[in-house]
Amino acid sequence: MHFAKLISLGLLLLLGDSVASSCRKPPLRKEWRELNMRERRDYIGAVRCLAALPAITGLENAVTHFDDFQATHSDQTPYIHWVGHFALWHRYFLATYEKALREKCSYQGAQPYWNWSLDASSTDNSSMAIYETDIFHPVRGFGGNGKYTPANTTQNPFNLTGRTGGGCVEDGPFTAPGFTLAVGNPKGQPDCLRRDYIPSIMNFFSRQNLVDHIQAQSDYVTFARALENIPNFSQPNIHGSGHFGVGGVLGTLGNSALSPGGVDPLFYLHHGNLDRIFWEWQQKDLPTRYHQVGGPVTPLDYTGVNVTLDFEVNIGDLAPNATLENLLDTEGGTLCYSYWNNGKGQ
């Protein structure tokens with residue numbers, strides 16, 4: 001009996017060591033402006049590399065491997081928002097994108113994030129200052145806005161006002177014809193990356209007090225619900241900040257009529273920040289929050305079936321299915337990354 005216990009203990013130790021060894025040096029994610037110029041160029045180069053590789057998913061109109069990610073997100077958009085697995089589906093999606101940059105394009109760094117709260121005005125919703133940071137710089141970032149383009153009511157189902165763009169991005173590393181997007185467009189007719197800044201959304205939806213409110217939630221269900229809030233523009237929600245503050249009506253990130261779930265390269269920095277907020281919320285009560293999920297399986301059905309730890313998410317052909325429990329720990333084996341905090345990882 002004693003011998004059997006020793007063997008069982010040994011197996012547990014070996015298993016624990018195996019999981020730990022699979023994530024010995026997790027990439028440390030940083031805010032974009034914490035990267036030096038070489039690190040920024042390396043990241044931009046890896047994204048462009050992904051956009052030059054052939055598609056692998058076979059999804060409609062996907063031409064490049066970058067398109068694969070946009071097509072996967074677009075395909076699943078109706079099922080992965082306002083649900084209990086929103087944060088964890090996107091966590092897995094983003095980690096898979098990060099892995100593709102590292103393994104297929106020789107990127108040595110981690111996926112950066114964009115902390116929009118650093119620049120959102122707390123008093124002036126019309127301020128354009130948030131768009132004048134390095135994020136949108138043509139050399140130090142991802143390029144700027146598109147030329148103003150009128151939109152009709154069909155293109156603007158939410159009746160958003162205050163648009164400033166809508167045309168092709170005119171500068172930076174992701175201009176046409178060097179960078180185009182095929183998903184959401186007629187087959188064989190890739191379109192340019194488009195942006196359509198709406199400063200009132202970008203400022204109002206990105207404020208730090210909203211982040212503070214979300215991170216003050218006491219359990220996963222209330223956290224997840226606060227993270228997305230409600231699916232309209234009568235109340236601010238931080239998820240909508242980057243999508244509609246940058247994508248607006250006709251931009252790639254916000255165009256619900258042409259390209260639902262459209263993926264601008266900034267999508268990954270925007271969702272990286274949402275994941276950082278989630279990660280920081282988890283750190284406040286470990287290990288409880290490594291074993292806690294909840295919220296609806298069906299979008300907005302808060303009185304229906306809830307997700308559980310063994311609920312599986314899938315991201316198509318990009319990676320194998322994963323349970324929510326395996327996605328709660330960013331260094332648990334299925335995932336392997338962490339966040340940089342004041343010059344050091346936690």
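Throughout, numbering of the chain's residues begins at 1 and tracks the sequence.
With Arg102 contributing its side chain and Gln108 its backbone, the two residues share a donor-acceptor pair below 3.5 Å. The main-chain N or O of Pro296 is never found under 3.5 Å from a side-chain atom of Thr298 such that the two would form a donor-acceptor pair. Arg163 places a side-chain N or O within donor-acceptor distance of the main-chain N or O of Gly165, the cut-off being under 3.5 Å. The backbone N or O of Thr77 sits less than 3.5 Å from a side-chain atom of His81, completing a donor-acceptor pair. Judged by distance alone, the side chain of Gln292 and the main-chain N or O of Tyr220 form a donor-acceptor pair under 3.5 Å. Side chain of Glu39 to main chain of Asn36: a donor-acceptor pair is present (N/O by atom type, distance under 3.5 Å, no hydrogens or angles).
A heavy-atom distance below 4.5 Å is not found between the side chains of Trp116 and Asn203. Taking the side chain as every heavy atom from C-beta outward, Cys49 and His65 never approach each other to under 4.5 Å. Under the 4.5 Å side-chain criterion, counting only non-hydrogen atoms from C-beta, Tyr92 is not in contact with Tyr97. For the pair Gln111/Leu101, a side-chain contact is recorded, criterion being any heavy-atom separation below 4.5 Å from C-beta on.
Side-chain atoms of Arg91 and Tyr337 include a donor-acceptor pair closer than 3.5 Å. For the residue pair Thr57 and Asp68, a side-chain donor N or O sits within less than 3.5 Å of a side-chain acceptor on the partner. When only modelled atom types and interatomic distance are considered, Tyr290 and Glu325 share no side-chain donor-acceptor pair under 3.5 Å. At a cut-off of 3.5 Å, with distance as the only test, a side-chain donor of Asn326 or Thr323 sits close to an acceptor on the other residue. No side-chain donor from either of Arg194 and Asn145 sits under 3.5 Å from a side-chain acceptor of the other.
Here the straight-line distance linking atom OH of Tyr113 with atom CZ of Arg276 works out to 5.0 Å at 0.5 Å rounding. For the atom pair Trp281 CH2 and Ser218 OG, the distance stands at 8.0 Å (nearest 0.5 Å). Taking CD1 of Ile198 as the reference point, atom OG of Ser126 lies at 14.0 Å (rounded to 0.5 Å). The CD1 atom of Ile80 sits 10.0 Å away from the CD1 atom of Ile315 when rounded to the nearest 0.5 Å. Rounded to the nearest 0.5 angstrom, His239 NE2 and Asn273 CG are separated by 12.0 Å.
In the hydrophobic clustering, where aliphatic and aromatic side chains (Ile, Leu, Val, Met, Phe, Trp, Tyr) are joined below 4.5 Å either directly or transitively, Ile230 stands alone.
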Would you please test Phe136 and Phe142 for ring pair (Phe, Tyr, Trp, His ring centres under 6.0 Å) and show each step? CA-CA 5 Å; Phe136 298 100; Phe142 294 77; 8.5 Å; no
> Can Arg207 and Asp119 be said to form a salt bridge (charged side-chain N to carboxylate O under 4.0 Å, His left out), step by step?
Replying inline: CA-CA 8 Å; Arg207 291 173 181 169; Asp119 308 293; over 6 Å; no
His73 and Trp89: ring pair (Phe, Tyr, Trp, His ring centres under 6.0 Å), yes or no, with the steps? CA-CA 10 Å; His73 188 270; Trp89 189 98; 5.7 Å; yes
Ring pair (Phe, Tyr, Trp, His ring centres under 6.0 Å) between Trp82 and Phe86, intermediate numbers included: CA-CA 7 Å; Trp82 293 285; Phe86 164 78; 7.9 Å; no
Hey, mind stepping through Phe223 and Phe278 against ring pair (Phe, Tyr, Trp, His ring centres under 6.0 Å) and telling me if it holds? CA-CA 8 Å; Phe223 171 85; Phe278 179 25; 5.5 Å; yes
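Nearest approach of Ala151 to Val249, heavy atoms of both residues: CB-CG1, 4.0 Å. Contact record, Gln215 with Ile277: NE2-O, 3.2 Å, taken as the closest heavy-atom pair. Considering all non-hydrogen atoms of both residues, Leu88 and Leu327 come closest at CD2-O, 3.4 Å. Residue Thr96 comes nearest to Leu318 through the heavy atom pair CG2-O, 3.6 Å, listed as atom of the first residue, atom of the second, then distance. When every heavy atom of Pro199 is checked against every heavy atom of Thr164, the shortest pair comes out as CD-CG2, 4.1 Å. Closest heavy-atom contact between Pro173 and Gly143: CD-N, 4.1 Å.
Under the 4.5 Å side-chain heavy-atom criterion for grouping Ile, Leu, Val, Met, Phe, Trp and Tyr, Leu274 is not connected to Val221 through any hydrophobic cluster. Connection of Tyr79 to Leu94 is not established within any shared hydrophobic cluster, with ILVMFWY side chains joined at heavy-atom distances below 4.5 Å, either directly or through further cluster members. Residues Leu59 and Val313 are members of separate hydrophobic clusters, defined by side-chain heavy-atom contacts under 4.5 angstrom among Ile, Leu, Val, Met, Phe, Trp and Tyr. Criterion: ILVMFWY side-chain heavy atoms under 4.5 Å apart, direct or through other members. Under it, Met202 and Tyr148 are not part of a common hydrophobic cluster. Both Leu35 and Phe267 belong to a common hydrophobic cluster when Ile, Leu, Val, Met, Phe, Trp and Tyr are linked at side-chain heavy-atom distances under 4.5 angstrom.
Ring-plane geometry between His85 and Phe311 is classed as tilted, the angle between the planes lying from 30 to 60 degrees on a 0 to 90 degree scale. Ring geometry for His271 against His243 counts as perpendicular: the plane angle is over 60°, on a 0 to 90° scale with 30° as the lower cut. Under the 30°/60° scheme for interplanar angles, the aromatic rings of Tyr339 and Trp279 are found to be tilted.
Classification of Asp219 and Arg225 as a salt-bridged pair fails, no side-chain N sitting under 4.0 Å from a carboxylate O. A salt bridge does not link Lys284 to Glu280: none of the charged nitrogens lies less than 4.0 Å from a carboxylate oxygen. Between Arg40 and Asp134, at least one side-chain N (NZ, or NE/NH1/NH2) sits under 4.0 Å from a carboxylate O, which counts as a salt bridge. Using a 4.0 Å cut-off between charged side-chain N and carboxylate O, Arg29 and Asp275 make a salt bridge.
The list of disulfide (SG to SG under 2.5 Å) pairs with a residue in residues 171-215, not counting sequence neighbours, reads Cys168-Cys192.
The aromatic ring centres of Phe205 and Phe244 sit 6.0 Å or more apart.
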